[in-house]
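Values reported hereafter were calculated over all heavy atoms of this structure, with side chains retained and with hydrogens, waters and symmetry mates removed.
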Amino acid sequence: YHNRVWPAFFKLISRSNNAIAKIQGINMDEALKKRFIAEAKFFRAYAYSKLSAYYGALPLLLKAPEDEDPLPKRAPYDDVRAQIAKDLNEAAADLPNSYTGADVGRATKGAALTCLMESYMFDSKWAEATAAAQQVMGLGYTLLPNYSDLWKYGNKETKESIFEVHFGSANGSNYADWCDSDFPPTSGGGGGYAGWGGFFTPQQQLVNEYENAIDTDNDGVIDVVNKFDPATITSLFDVNQYINRDPRLAASIWYNKADY
């Protein structure tokens with residue numbers, strides 16, 4: 001896992017640095033230039049936010065690859081996190097709220113501010129995280145009326161979506177092909193595809209976090225909400241544990257005896 005994560009994110013950082021360094025010298029529309037640089041800063045910050053969460057102190061690379069020290073030393077964790085915040089604030093200032101046409105799916109102001117919020121939350125900087133979240137909430141995002149609609153194949157880039165990675169069948173990039181191996185649980189020595197899988201199988205602890213939600217008078221409105229007690233489960237195969245639970249459980253997790 002680490003042999004893939006470390007080089008993949010540093011490749012993204014290197015490409016972002018190269019874009020930032022080279023785009024500045026191009027004679028082009030200034031507004032578009034600012035947006036491209038902002039997108040590169042977003043991805044650099046995103047990569048560093050993930051890497052620093054895994055590894056702490058990191059080589060802090062901010063120049064074009066040919067201008068960097070070939071053997072960089074690790075920068076302190078706080079310096080890395082400060083650069084993440086700087087990049088994301090600068091990116092948010094120059095990124096649009098939304099896109100149209102072929103540009104849909106690119107990084108937006110909301111994506112940068114959400115990444116900033118998550119970074120602050122990871123470091124328990126609650127006041128800063130709250131401020132970033134409030135900016136996101138002011139950008140026009142709304143919840144879908146039906147939570148389960150989030151997972152329908154045709155519902156892409158909804159008013160609830162802040163940043164989506166688009167996958168498709170072009171050039172062999174159909175991510176749906178992985179679903180038969182990544183989502184079913186592993187069995188014995190292997191999973192659903194070629195003897196491996198189950199990477200996204202939810203754990204019982206996640207199921208336990210969904211609250212009880214009871215419609216006492218059967219009018220379609222939940223009247224009682226309280227914390228679910230895991231002690232009531234007689235076994236992992238006890239289907240009674242899924243009765244009268246938060247409807248988001250059934251919409252999110254394919255549990256034993258669930259309709260699919």
Side-chain angles (χ1 to χ4, degrees), residues 5 8-9 12 15-16 19 31-32 34-51 53 84-85 87-122 128-179 182-183 199-202 206 209-211 213 246-254 258 260:
V5 169
F9 277 128
L12 178 56
R15 289 175 174 175
S16 299
L32 190 58
K34 285 185 177 181
R35 197 196 85 189
F36 284 163
I37 292 174
E39 289 182 68
K41 288 182 178 179
F42 166 79
F43 282 113
R44 180 169 69 185
Y46 175 80
Y48 268 122
S49 69
K50 298 302 181 183
L51 283 171
I84 291 168
D87 275 346
L88 291 172
N89 276 307
E90 291 176 357
D94 290 326
L95 287 172
N97 291 358
S98 61
Y99 294 93
T100 59
D103 284 330
V104 171
R106 303 180 82 105
T108 61
K109 182 187 296 291
L113 290 171
T114 300
C115 190
L116 179 64
M117 176 198 69
E118 292 178 342
S119 178
Y120 283 140
M121 289 180 66
F122 188 84
E128 294 89 339
T130 299
Q134 288 173 336
Q135 290 185 73
V136 176
M137 293 166 64
L139 293 176
Y141 298 104
T142 58
L143 299 180
L144 294 179
N146 187 347
Y147 177 79
S148 62
D149 287 346
L150 278 173
W151 318 122
K152 293 182 179 178
Y153 184 79
N155 285 349
K156 299 177 181 179
E157 296 292 344
T158 68
K159 292 294 289 183
E160 189 167 336
S161 172
I162 295 177
F163 185 62
E164 291 187 17
V165 177
H166 289 198
F167 290 94
S169 57
N171 299 319
S173 61
N174 189 359
Y175 196 72
D177 291 344
W178 292 76
C179 290
D182 283 355
F183 288 95
F199 299 117
F200 300 145
T201 304
L206 175 60
E209 289 299 315
Y210 285 90
E211 297 175 315
D246 184 330
R248 290 174 293 186
L249 169 59
S252 304
I253 296 177
W254 187 14
Y260 178 69

What residues form a salt bridge (Lys or Arg N to Asp or Glu O under 4.0 Å) with [X], not counting sequence neighbours?
X: Asp94; value: none
X: Lys152; value: Asp149
X: Arg15; value: none

Within this structure, what is the [atom1]-[atom2] distance for the pair [X] and [Y], rounded to the nearest 0.5 Å?
X: Lys34; Y: Glu90; atom1: NZ; atom2: CD; value: 11.5 Å
X: Lys41; Y: Asn89; atom1: NZ; atom2: CG; value: 10.5 Å
X: Ser49; Y: Arg44; atom1: OG; atom2: CZ; value: 12.5 Å
X: Glu160; Y: Thr158; atom1: CD; atom2: OG1; value: 5.5 Å
X: Leu150; Y: Leu143; atom1: CG; atom2: CG; value: 8.5 Å

Kindly give the heavy-atom pair with the smallest separation between [X] and [Y], and that separation in Å.
X: Gly105; Y: Glu157; answer: CA-OE2, 3.6 Å
X: Ala133; Y: Met117; answer: CB-SD, 3.5 Å
X: Leu116; Y: Ala85; answer: CD1-CA, 3.7 Å
X: Ala47; Y: Leu12; answer: CB-CD2, 3.9 Å
X: Ile162; Y: Thr108; answer: O-OG1, 3.8 Å
X: Ala19; Y: Ala40; answer: CB-CB, 4.1 Å

Within a strict 4.5 Å, meaning less than it, do heavy atoms of the [X] and [Y] side chains meet?
X: Arg35; Y: Leu95; answer: yes
X: Ser252; Y: Tyr210; answer: yes
X: Asp87; Y: Tyr48; answer: no

Query raised in the report: Counting only heavy atoms not in Tyr46, do more than 12 sit closer than 6.0 Å to its OH atom?
Result: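 Open: at most 12 neighbouring heavy atoms sit under 6.0 Å from OH of Tyr46.
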Query raised in the report: Can any side-chain N or O of Lys109 pair as donor or acceptor with the backbone N or O of Asn97 at less than 3.5 Å?
Result: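 Not a single qualifying donor-acceptor pair exists.
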Report task. Please check if the side chain of Ser119 supplies one atom and the backbone of Cys115 the other of a donor-acceptor pair under 3.5 Å. Result -> no
Report task. Sequence neighbours left out, what passes ring-ring contact (aromatic ring centres under 6.0 Å, His included) with Tyr147? Give chain and number order. Result ->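 If we apply the ring-ring contact (aromatic ring centres under 6.0 Å, His included) test to Tyr147, skipping adjacent residues, the hits are Trp151.
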**Report entry** Partner set under ring-ring contact (aromatic ring centres under 6.0 Å, His included) for Phe163, not counting sequence neighbours
**Finding:**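 Checked Phe163 against ring-ring contact (aromatic ring centres under 6.0 Å, His included); matches are Phe42.
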Side-chain polar contacts of residues 134-141 - donor-acceptor pairs under 3.5 angstrom, sequence neighbours left out - could you list them?
none

